[in-house]
Protein chains: 2
Amino acid sequence: MVMTRELFPLVGVDIALFCVGDESLRVMLVRRAQAPHAKRWALPGGILKPHLDSSLESAARRVLAEKVSIELPLVEEVRTFSGPDRDPRGWSVSVLFYALLPLDKTSAVVKSKIEALEWADALSTDHKLAFDHSEHLSCAVQKLRAKVAADVLPLHLLPEKFTLRQLQRVTEIILGHPLDKSSFRRRLKESRDLVELDEYVRGPQRPAQLFRASESFSF
Amino acid sequence: MVMTRELFPLVGVDIALFCVGDESLRVMLVRRAQAPHAKRWALPGGILKPHLDSSLESAARRVLAEKVSIELPLVEEVRTFSGPDRDPRGWSVSVLFYALLPLDKTSAVVKSKIEALEWADALSTDHKLAFDHSEHLSCAVQKLRAKVAADVLPLHLLPEKFTLRQLQRVTEIILGHPLDKSSFRRRLKESRDLVELDEYVRGPQRPAQLFRASESFSF
DNA sequence: AGAATAGTGTCTGTCAGACAGTATCGC
DNA sequence: GCGATACTGTCTGACAGACACTATTCT
């Protein structure tokens with residue numbers, strides 16, 4: 001069925017799925033199989049299906065379920081993009097979400113045979129993505145950074161148990177600049193978002209104490 | 001034309017238009033003339049018209065133009081609300097915006113004969129608005145407060161020239177708590193969002209210096 | 001002992017709230 | 001002068017960065 005967009009806009013969702021790997025912030029890109037913009041890299045996304053979705057966020061989760069086999073802890077709206085020209089099919093609305101994939105769940109990524117997939121450096125600025133997805137990406141990064149800087153911690157990007165050093169590294173990678181160890185620990189100990197565990201990781205040096213997010217924590 | 005919402009959701013915008021008056025933060029409410037929810041109070045809103053609107057924000061500005069005869073300096077997205085049940089007409093998406101009406105422009109409000117209009121106290125919690133607009137309103141207030149607290153100033157709610165005392169009152173009204181005069185002035189003088197003028201308002205006491213927003217200011 | 005990383009203590013500058021004090025108007 | 005409001009100066013406590021220091025493991 002073909003329908004002009006004169007009465008109803010196309011409504012879809014796009015997702016910036018972040019993870020941290022290889023000492024950098026990474027975002028999932030997919031190579032589009034179909035027109036429009038076939039063969040170009042884009043953020044994963046899809047059209048809203050009213051008979052399947054109970055909200056835009058659940059549409060985003062449905063789209064993500066095709067890429068990642070676990071339920072993601074955090075899927076949050078960034079903003080909308082809209083207009084008659086951003087999609088060649090006509091007047092369209094895209095609601096952008098971001099989501100976080102914990103470090104130890106990267107094996108949950110579904111390898112598709114029909115679609116190429118890549119974890120691109122989210123902070124490098126020279127992607128030329130399909131549609132207006134380059135702008136989508138920079139908005140999502142900005143929102144993520146604002147959240148992290150506003151003293152909320154990117155715990156969803158870590159495994160359930162982690163050391164303060166790991167948390168600090170992830171925070172530094174997202175913000176793009178180094179943090180002082182002492183002040184970082186001070187803030188964290190006071191924040192009550194963390195619970196100390198009586199467990200330690202052993203390594204070739206002094207063991208590090210493990211922590212987990214407190215029950216009340218919500219990013 | 002009647003169409004089920006099985007393929008295309010209804011897409012609309014709603015706006016929380018704020019102003020400050022009578023020592024409180026006020027929001028514009030309209031009494032709905034038509035079903036659904038006829039005769040109930042709601043935020044002003046309307047359906048997206050792809051042939052008229054070049055984006056969701058311009059749809060919001062079009063809706064506002066029916067209520068206020070001036071172009072508003074700030075119209076900004078808050079978030080979306082969506083789902084099959086929030087509007088009895090079927091699956092729908094509402095994109096919420098907020099906008100600010102300067103104090104000295106309240107005369108620009110268009111008095112409609114077919115529609116009742118009210119400036120309600122935005123912080124009182126006992127509105128029972130149509131649809132999910134009560135939740136819309138609290139989200140919009142929260143976003144406005146976050147902006148104002150994050151040291152950005154609600155200059156758009158003031159006339160072009162104003163005294164620091166006026167700015168402080170408006171900020172206090174929005175945040176809901178008093179601020180220290182000295183620290184407030186200190187912040188402001190350093191912020192470079194303000195320009196001092198060589199003008200003073202005379203009254204029954206010491207004259208107060210006038211300020212205006214600097215060119216580079218953007219809320 | 002030495003290397004390596006975990007974790008602590010302390011100094012210091014910045015900044016915001018509190019609040020008292022000074023300035024300038026009308027009457 | 002007095003009341004009222006505009007505006008300033010100073011004290012103080014909270015906090016964050018800098019950085020040196022101690023602690024605990026493995027080899």
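Not measured: the values here are computed from a predicted model. Basis for what follows: all heavy atoms, side chains included, without hydrogens, waters or symmetry-related copies. Chain letters run A, B, ... following the sequence lines, proteins first and then strands; every chain starts at 1.
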Extract, from 5' to 3' on DNA chain C, the first and final nucleotides lying under 4.0 angstrom from some heavy atom of chain B.
dA16(C) to dG26(C)
For the residue pair His37(B) and Phe131(B), categorise the inter-ring angle as parallel (less than 30°), tilted (30 to 60°) or perpendicular (more than 60°).
parallel
salt_bridge(Arg169(A), Glu23(A)) N-O dist < 4.0 Å
yes
Heavy-atom contacts under 4.0 Å between residues 175-184 of chain B and DNA chain C, which residues?
Asp180(B), Ser182(B), Ser183(B)
Arg169(B) CZ - dT5(D) P separation (whole Å):
13 Å
Kindly state which residues belonging to residues 192-202 of chain A come within less than 4.0 angstrom of DNA chain D, counting heavy atoms of the residue only, listed by number.
Arg202(A)
Rounded off to whole Å, could you give me the CG-to-C1' distance for the Leu188(A) and dA16(D) pair?
13 Å
So, the side chain of Glu77(B) versus the backbone of Thr80(A): is there a donor-acceptor pair under 3.5 Å, distance only?
yes
Backbone of Arg192(B) reached by a side-chain donor or acceptor of Ser214(B) within 3.5 Å:
yes
Assess, by modelled atom type and distance only, whether the side chains of Ser92(A) and Arg86(A) contain a donor and an acceptor separated by less than 3.5 Å.
yes
Phe18(B) vs Tyr98(B) aromatic rings, parallel, tilted or perpendicular, using cut-offs 30° and 60°?
tilted
Is the shortest side-chain heavy-atom distance between Leu123(B) and Ile173(B) below 4.5 Å?
no
Can you say whether a donor on the side chain of Arg165(B) sits under 3.5 Å from an acceptor on the base of dA6(D), or the other way round?
no
Within this structure, what is the CD-to-P distance between Gln168(B) and dC7(D), rounded to whole angstrom?
11 Å
Hey, can you tell me if His156(B) and Phe217(B) have their rings parallel, tilted or perpendicular (30° and 60° cut-offs)?
tilted
Whole-Å distance separating the CG atom of Asp151(A) from the P atom of dG17(D)
12 Å
Given atom CZ of Arg187(B) and atom C1' of dT8(D), what is their separation to the nearest angstrom?
18 Å
Between Ala208(A) and Arg186(A), name the one whose nearest nucleotide on DNA chain C is closer to the 5' end.
Ala208(A)
Looking only at side-chain N and O atoms, does Asp180(A) offer a donor or acceptor that is under 3.5 Å from a partner on Ser183(A)?
yes
Apply the side-chain contact (heavy atoms from CB on, under 4.5 Å) test between Phe97(B) and each candidate in Val63(B), Leu56(B), Val78(B); give the one that qualifies.
Leu56(B)
Rounding to a whole Å, what distance do you find between Leu164(B):CG and dT5(D):P?
17 Å
Any base atoms under 4.0 Å from Pro204(B), or only sugar-phosphate, or nothing? Heavy atoms, all strands.
base
At what distance, to the nearest 0.5 angstrom, does CD of Glu196(A) lie from CG of Leu164(A)?
8.5 Å
